[in-house]
Number of protein chains: 2
Amino acid sequence: MKNTGDRRRTIYDVAKAAGVSISTASNALNGTGRTNAETRERVRRVAEEIGFRPNALARGLLSKRSHAIGMLTNDTYGRLTLPMAAGVSEVLVDHGVSVFLCATNNDPRLAQLHLEALLDRQVDGIIFTATRLDLTPPVQLSRLPIPVVYVFAEGPADSVTFFPDDEQGARLAVDHLKELGRSRILHITGPRDYLAARIRAQSYLDACGDGAEAMFGDWSEEWGHEAVQTVFARPGAKPDAIFCGSDEIARGVIDALRDLDVEIPTDVAVVGFDNWEVVARQTRPPLTTIDMELKELGHRAGLAILSLSKGEPAPAGITRLPCRLVVRQSCGSPLQSD
Amino acid sequence: MKNTGDRRRTIYDVAKAAGVSISTASNALNGTGRTNAETRERVRRVAEEIGFRPNALARGLLSKRSHAIGMLTNDTYGRLTLPMAAGVSEVLVDHGVSVFLCATNNDPRLAQLHLEALLDRQVDGIIFTATRLDLTPPVQLSRLPIPVVYVFAEGPADSVTFFPDDEQGARLAVDHLKELGRSRILHITGPRDYLAARIRAQSYLDACGDGAEAMFGDWSEEWGHEAVQTVFARPGAKPDAIFCGSDEIARGVIDALRDLDVEIPTDVAVVGFDNWEVVARQTRPPLTTIDMELKELGHRAGLAILSLSKGEPAPAGITRLPCRLVVRQSCGSPLQSD
DNA sequence: GATCCATGATAAAAGCTTTTAGCAGAAAAA
DNA sequence: TTTTTCTGCTAAAAGCTTTTATCATGGATC
């Protein structure tokens with residue numbers, strides 16, 4: 001006979017059914033105050049029986065902590081956001097914290113609207129993520145009464161910020177190629193005005209030294225195709241490996257190489273960046289690439305906002321999380337494939 | 001001097017600053033009860049000045065409507081979910097409704113946890129979406145005290161459900177090919193145990209009649225590649241058009257055709273399904289395909305849950321939303337490209 | 001001058017939970 | 001026996017808003 005009525009059960013119902021006062025019921029359920037073990041058990045059993053669940057609104061109203069956070073994103077596409085959001089939500093659900101998802105579509109009016117709604121809902125914190133598209137928040141987030149964590153986006157100085165470690169990721173790729181005996185490594189990447197592209201390129205240049213060449217373009221498959229055509233059309237030594245700034249670029253590169261009858265990985269080894277499975281798994285051969293550990297990024301951001309919302313500390317400034325090398329078949333590795 | 005203190009302003013602050021009672025302040029702000037026009041203006045001005053925003057928790061506690069809904073998804077990848085969620089959120093934010101995003105990762109325990117959290121938060125409704133992967137909800141949603149709307153997933157009989165109109169979408173593709181003079185149309189699609197694949201295939205068979213052939217496989221690029229090789233290796237007439245069950249399959253098909261030196265669209269026209277831009281835009285030539293209008297699906301689901309939560313009606317049973325043909329260059333259409 | 005009505009305001013309750021302060025009774029200490 | 005200390009429980013307040021019922025005032029009506 002659990003909760004057949006239409007009305008939700010309140011702690012008042014529990015108290016009445018257990019024959020105690022409301023405060024005793026509350027104390028028994030939360031293990032606060034002083035309660036007799038036997039009473040405590042009885043109250044809990046009764047609560048279970050009638051299907052009592054505390055009203056989060058009332059709880060939040062009193063405690064001034066809503067146990068909810070907001071996630072503000074301008075990524076309409078979802079390739080980076082949703083895995084991250086899943087990570088955030090995954091780590092927070094066990095702490096009883098839920099996540100409001102707010103897609104701003106890069107519209108400042110919408111962003112402002114969402115932000116106000118979040119504040120009205122007394123969220124305990126906000127995670128702002130910009131997916132590299134534009135690095136400046138579309139709304140004023142600095143002077144908020146609640147903590148803000150930035151992912152893939154830079155906040156004001158010393159704000160808690162998470163990025164993948166692009167420098168280490170690029171090094172991972174280059175080192176892998178070098179270990180396999182490749183020496184003439186080319187880098188084809190996205191636009192120069194992307195910070196991530198610049199960092200990866202610099203890391204590559206540092207690791208490869210003389211003769212290294214970074215070609216900037218855009219994040220498309222087409223650009224990868226075009227770049228390869230250019231390089232193979234001009235005179236001089238050809239690369240024996242290509243490190244690409246994204247899996248999409250890598251896909252274009254692989255296609256262009258096949259058009260030129262260049263063998264992969266025999267003649268040229270290819271490494272991508274993103275481990276976007278739907279691309280990396282489908283290239284022929286499957287693509288060795290760098291994974292940015294988006295879910296882990298989400299975990300860390302979630303834990304950080306949780307700490308901050310409790311007044312506990314979180315790593316100030318920019319934290320860069322290590323990337324991971326995923327070996328498939330585009331480099332001819334003797335290692336087992338993914 | 002707006003809200004410099006650390007404490008949020010309450011309606012009590014407004015009342016005091018305006019020299020009226022709390023109830024008058026509330027009435028003035030909400031336009032309820034009887035208030036003198038002049039008083040009303042003054043209260044509103046004061047509220048604006050001190051930066052008062054009503055506490056959504058207190059409001060929800062009283063009205064029993066939290067003005068928040070939950071979105072339960074098992075789609076970890078986000079390709080279908082996020083555009084939809086953006087649609088939901090977009091249409092609801094203007095009604096002051098926020099969206100909790102809950103990614104269940106296909107884990108029943110997680111789903112249960114999220115569901116309980118949502119109920120505790122007194123959400124006004126739940127949108128369940130399953131992205132075609134498995135059609136049965138991972139938790140018991142039927143006997144809930146709040147309305148549920150299903151998208152891409154089938155609920156109990158007569159529950160409010162939205163799907164793209166796969167039948168009409170497939171017909172759109174076939175008609176387009178026929179109009180361009182193609183007569184030997186082949187269909188390459190995903191697994192037969194996907195309802196969507198079966199519907200699209202049936203629609204195609206109905207439209208093409210004798211000689212039509214639907215090849216079931218899986219949703220991968222690889223399968224598209226393989227199917228084309230099979231068809232072009234066997235004796236007999238070759239197709240002059242291929243309608244693919246997904247853009248990924250279409251991509252494999254296009255690659256395989258190029259490997260066989262078959263000209264697209266001169267020799268064979270290709271149509272995809274999904275309008276997944278990152279694939280459809282990047283094929284060579286760019287892919288003509290069917291768009292499922294995910295955002296619109298989100299809009300409709302959002303409006304439906306809004307109606308239901310207010311006790312108003314919503315379209316019972318399965319509603320199928322029309323798909324849209326996106327013409328690019330893979331069919332040699334004289335129409336302008338997208 | 002007494003009664004009625006409309007207006008504009010207000011006090012108080014309700015919504016549900018947690019926390020603080022306090023009370024009654026029993027056991028322990030003086 | 002009287003005082004102190006625990007123990008187990010409870011009443012009431014607080015958190016913020018909306019709504020209901022009530023009240024005071026001034027003008028209109030008889």
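Fair warning: this is a prediction, and the values are worked out from it, not measured in the lab. Letters go in sequence order (proteins before strands), and every chain restarts at 1.
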Chemist: Rounded to the Å, how far apart are B/Tyr12 OH and D/dT18 P?
Modeler: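 Rounded to the whole Å, the gap is 17 Å.
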Chemist: Distance check needed: D/dC16 C1' versus B/Leu62 CG, whole Å only.
Modeler: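 So the two atoms are 9 Å apart, to the nearest Å.
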Chemist: Heavy atoms under 4.0 Å, any strand shown: does B/Ser23 hit a base, just sugar-phosphate, or nothing?
Modeler: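 Counting heavy atoms under 4.0 Å across all strands, the contact made by B/Ser23 includes a base.
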Chemist: How many whole angstroms separate atom NZ of B/Lys16 from atom C1' of C/dT10?
Modeler: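 So the two atoms are 18 Å apart, to the nearest Å.
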Chemist: Within the modelled atom types, does a donor on one side and an acceptor on the other bring the side chain of B/Ser21 and the base of C/dA9 under 3.5 Å apart?
Modeler: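 Such a pair does not exist between side chain and base.
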Chemist: Are the side chain of A/Arg40 and the backbone of A/Gly31 linked by a donor-acceptor contact shorter than 3.5 Å?
Modeler: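 No.
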Chemist: Between B/Thr319 and B/Arg300, is any side-chain donor less than 3.5 angstrom from a side-chain acceptor?
Modeler: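 Result is no, nothing qualifies.
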Chemist: Measure CZ/A/Arg34 against P/C/dC23 and give the value in whole Å, please.
Modeler: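 Interatomic distance, CZ of A/Arg34 to P of C/dC23: 14 Å.
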Chemist: Is the ring pair B/Phe128/B/Tyr150 parallel, tilted or perpendicular, if the boundaries are 30 and 60 degrees?
Modeler: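 Correct class here is perpendicular.
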Chemist: Would you indicate, yes or no, if C/dT18 has its OP1 or OP2 atom less than 4.0 angstrom from a side-chain nitrogen or oxygen of A/Ser63?
Modeler: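 For A/Ser63, the contact criterion (side-chain N or O under 4.0 Å from OP1 or OP2 of C/dT18) is not met.
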Chemist: Can you check the B/Arg53 CZ to D/dC16 C1' distance for me, whole Å?
Modeler: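 Rounding to the nearest Å, CZ of B/Arg53 and C1' of D/dC16 are 15 Å apart.
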Chemist: Would you mind reading off the distance between B/Arg9 atom CZ and D/dT17 atom P, rounded to a whole angstrom?
Modeler: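 For the pair B/Arg9 CZ and D/dT17 P, the rounded distance is 12 Å.
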Chemist: Phosphate oxygens OP1/OP2 of C/dC16: is one of them under 4.0 Å from a side-chain N or O of B/Lys64?
Modeler: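 Answer is yes, contact under 4.0 Å.
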Chemist: Would you say a side-chain N or O of A/Arg59 is under 4.0 Å from OP1 or OP2 of C/dT18?
Modeler: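 Answer is yes, contact under 4.0 Å.
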Chemist: Which is true for B/Ile22 with a 4.0 Å heavy-atom rule: it touches a base, it touches only sugar-phosphate, or it touches nothing?
Modeler: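 Contact class for B/Ile22: base.
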Chemist: Find the distance B/His67:NE2 to D/dT18:P and express it as a whole number of Å.
Modeler: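 Nearest whole value for this atom pair: 10 Å.
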Chemist: Counting side-chain heavy atoms from CB outward, which of D/dT18, C/dG8, C/dT17 is closest to A/Asn55?
Modeler: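 Nucleotide nearest to A/Asn55's side chain: C/dT17.
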Chemist: Name the nucleic acid region contacted by B/Thr10, choosing base, sugar-phosphate or nothing; use a 4.0 angstrom heavy-atom cut-off, strictly under.
Modeler: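 Answer is sugar-phosphate: B/Thr10 comes under 4.0 Å of backbone atoms only.
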Chemist: Could you tell me whether a side-chain N or O of A/Ser309 sits under 3.5 Å from a main-chain N or O of A/Gly125, the two making a donor and an acceptor?
Modeler: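 It does not hold such a pair.
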Chemist: Starting from C1' on D/dC16, measure out to CD1 on B/Ile11 and report it in whole angstrom.
Modeler: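 Between C1' of D/dC16 and CD1 of B/Ile11: 9 Å.
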Chemist: Determine whether A/Val99 and B/Leu101 make a side-chain contact, defined as any pair of heavy atoms from C-beta on separated by less than 4.5 Å.
Modeler: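 Side-chain contact under 4.5 Å: no.
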Chemist: Under 4.0 Å from OP1 or OP2 of D/dT18: is there any side-chain N or O of B/Asn30 that close?
Modeler: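 Yes, within the criterion.
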Chemist: Over all strands shown, is A/Thr35 touching base, sugar-phosphate only, or nothing at heavy-atom distances under 4.0 angstrom?
Modeler: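 Sugar-phosphate contact only.
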Chemist: Compare side-chain N and O positions of B/Thr24 against OP1 and OP2 of C/dA9 and report whether any pair is under 4.0 Å apart.
Modeler: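 Answer is no, no contact under 4.0 Å.
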Chemist: Inspect the contact between B/Arg8 and B/Asp13 and indicate whether a charged nitrogen and a carboxylate oxygen are less than 4.0 angstrom apart.
Modeler: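 Looking at B/Arg8 together with B/Asp13, the answer is no, because their closest N to O distance does not fall below 4.0 Å.
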Chemist: Do any side-chain nitrogens or oxygens of A/Ser26 fall under 4.0 Å of OP1 or OP2 in C/dT18?
Modeler: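 Affirmative; the distance criterion is met.
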Chemist: Looking at every strand, decide which applies to A/Thr39 at a 4.0 Å heavy-atom threshold: base, sugar-phosphate, or nothing.
Modeler: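 Answer is sugar-phosphate: A/Thr39 comes under 4.0 Å of backbone atoms only.
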Chemist: Using heavy-atom distances to pick each residue's nearest nucleotide on DNA chain C, tell me which of B/Ala58 and B/Asn36 is more 5'.
Modeler: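 By nearest-heavy-atom nucleotide position, the 5'-most residue is B/Asn36.
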